[in-house]
Amino acid sequence: MRILITNDDGVDAPGIAVMREIALTLSDDVWVVAPDGNQSGAAHRFTFGRELGVDQREDRVFSIVGGSPADCVVAGMTHICKDHKPDLVLSGINNGQNLGDILNCSGTVAGAREGALHGALGIGISQGVDYERGTDIDWTNSRTYAARVVSQLLAEVKSRGETYFNVNIPFCAPEDVAGIRVVPFQRFARSPMAYYPSDNAGKFFIAIPETPKPLDEEHDFRLAMHGNAITVTPLMLQHTHYEMVGQLDGKLAL
């Protein structure tokens, strides 16, 4: 089994090194193609009309200079590994959770999605952080449990080109992890993104100052952040709202 790894934190981020450790427990054919710098929040952006570069860091480890996670998967699938396309695309491990509607802007999730679009099993994995206590991250739970999640998805999911997966690892103590839950992602009552003023005059950030409420007890955000569960959310490549197709087809006309 050939595995392609990407991320949105960049090729030098500690999380991708953890992901490589995990992948090597599943296969000896592991390739890394990742952005040369941080691409957090890049979502599924492609770089059109601007040249990209490939920088080989070591054997089977490449960075795409100026590229997004989606760019990296394309380069890996159609150029670097074109002789034998990867069977599994692992994206991450992200520094911080990708829960609820936040997955829509996640470069980590986009890496998994692009892998699925190329026919691989795509899995994005994020390690939760308790931001109320600071920004320090502990990779212990990812090292302990992520390979088990991936191996079970490989065994259970036979179809390709239809779904991809968003996995979040909680930040609790390893002995407190409350199993694996397969759940929907949390639709927030509104977008969590907001204007956040900078200390520099005339400047600002786009940030997530607070989590919109209410939260569903059986969706990913509550279970991962407060229930200490590993959450697995299956996502569909087909975005069409079929009920709306049936409702509107034939009723809209020139």
Can you sort out the partners of [X] under side chain to side chain donor-acceptor pair (under 3.5 Å), two or more places apart, ordered by chain and number?
{"X": "Asp138", "answer": "Thr140"}
{"X": "Thr240", "answer": "Gln238"}
{"X": "Thr163", "answer": "none"}
{"X": "Asn228", "answer": "none"}

Within a reach of under 6.0 Å around [atom1] of [X], are more than 12 heavy atoms found that belong to other residues, nucleotides or ligands?
{"X": "Asp249", "atom1": "CG", "result": "no"}
{"X": "Met236", "atom1": "CE", "result": "no"}
{"X": "Glu175", "atom1": "CD", "result": "yes"}
{"X": "Arg190", "atom1": "CZ", "result": "yes"}
{"X": "Gln56", "atom1": "CD", "result": "yes"}
{"X": "Glu51", "atom1": "CD", "result": "no"}

Give the cluster check for [X] versus [Y]: same hydrophobic cluster or not, with ILVMFWY residues linked at side-chain heavy-atom distances below 4.5 Å.
{"X": "Met77", "Y": "Leu121", "answer": "no"}
{"X": "Val11", "Y": "Val65", "answer": "no"}
{"X": "Phe185", "Y": "Phe188", "answer": "no"}
{"X": "Val232", "Y": "Leu237", "answer": "no"}
{"X": "Ile123", "Y": "Leu4", "answer": "no"}

**Which atom of Ala120 lies closest to which atom of Val89, heavy atoms considered** =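 Closest approach of Ala120 to Val89: CB-CG2, 3.9 Å.
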Can [X] and [Y] be counted as having a side-chain donor-acceptor contact under 3.5 angstrom?
{"X": "Asp220", "Y": "Thr231", "result": "no"}
{"X": "Asp71", "Y": "Thr47", "result": "yes"}
{"X": "Asn98", "Y": "Ser126", "result": "yes"}
{"X": "Asp9", "Y": "Ser40", "result": "yes"}
{"X": "Ser142", "Y": "Gln127", "result": "yes"}

List the residues meeting salt bridge (charged side-chain N to carboxylate O under 4.0 Å, His left out) with [X], not counting sequence neighbours, and say none if there are none.
{"X": "Glu243", "answer": "none"}
{"X": "Asp12", "answer": "Arg57"}
{"X": "Arg50", "answer": "none"}
{"X": "Arg60", "answer": "Asp29"}

**Asked** Would you call Arg187 and Asp101 a salt bridge, using N to O less than 4.0 angstrom?
**Response**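 Yes, charged N to carboxylate O under 4.0 Å.
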Could you pull out all donor-acceptor pairs under 3.5 Å where a side-chain atom in residues 192-201 meets a protein atom, sequence neighbours excluded?
| unit_1 | atom_1 | unit_2 | atom_2 | d |
| --- | --- | --- | --- | --- |
| Ser198 | OG | Asn200 | N | 3.0 |

**Request:** Quick one: which residue pairs count as a ring-ring contact (aromatic ring centres under 6.0 Å, His included) with a foot in residues 22-44, not counting sequence neighbours?
**Result:**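 Every ring-ring contact (aromatic ring centres under 6.0 Å, His included) pair that includes a residue of residues 22-44, provided the two are not neighbours, is His44-Phe46.
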**Prompt:** Which value, rounded to the nearest 0.5 Å, describes the distance between Leu103 atom CG and Gln97 atom CD?
**Reply:**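 Interatomic distance, Leu103 CG to Gln97 CD, rounded to 0.5 Å: 12.5 Å.
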**Request:** Please round to the nearest 0.5 Å and tell me the distance separating atom CD1 of Ile180 and atom CD1 of Ile230.
**Result:**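 Rounded to the nearest 0.5 Å, the CD1-CD1 separation comes out at 5.0 Å.
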Do [X] and [Y] have side-chain heavy atoms sitting under 4.5 Å apart?
{"X": "Thr78", "Y": "Lys82", "value": "no"}
{"X": "Ile125", "Y": "Asn94", "value": "no"}
{"X": "Phe171", "Y": "Met225", "value": "yes"}
{"X": "Pro174", "Y": "Asn141", "value": "yes"}
{"X": "Leu26", "Y": "Ser151", "value": "yes"}
{"X": "Ile5", "Y": "Ile3", "value": "yes"}

**Request:** Just jot down the side-chain contact (heavy atoms from CB on, under 4.5 Å) partners of Pro184, sequence neighbours excluded, or say none.
**Result:**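 With sequence neighbours excluded, Pro184 shows a side-chain contact (heavy atoms from CB on, under 4.5 Å) to His219, given in chain and number order.
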**Prompt:** Which residues pass the side-chain contact (heavy atoms from CB on, under 4.5 Å) test with Arg181, sequence neighbours left out?
**Reply:**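 side-chain contact (heavy atoms from CB on, under 4.5 Å) check on Arg181 returns Val183, Glu218, Leu223, Ala229.
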**salt bridge (Lys or Arg N to Asp or Glu O under 4.0 Å) evaluation trace for Glu162 with Arg113** = CA-CA 10 Å; Glu162 297 176 0; Arg113 185 188 303 117; over 6 Å; no
**Asked** Which of these, Leu90, Thr6, Asn7, sits in a side chain to side chain contact (heavy atoms under 4.5 Å, CB included) with Ile16?
**Response**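 Among the candidates, only Asn7 passes.
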So, does [X] use its side chain to make a donor-acceptor pair with the main chain of [Y] at under 3.5 Å?
{"X": "Tyr164", "Y": "Ala110", "value": "no"}
{"X": "Lys213", "Y": "Thr211", "value": "yes"}
{"X": "Ser27", "Y": "Leu24", "value": "no"}

**Request:** Please assess Asp83 against Arg2 for the test salt bridge (Lys or Arg N to Asp or Glu O under 4.0 Å), listing each intermediate value before the final yes or no.
**Result:** CA-CA 11 Å; Asp83 62 316; Arg2 175 166 286 187; 3.3 Å; yes
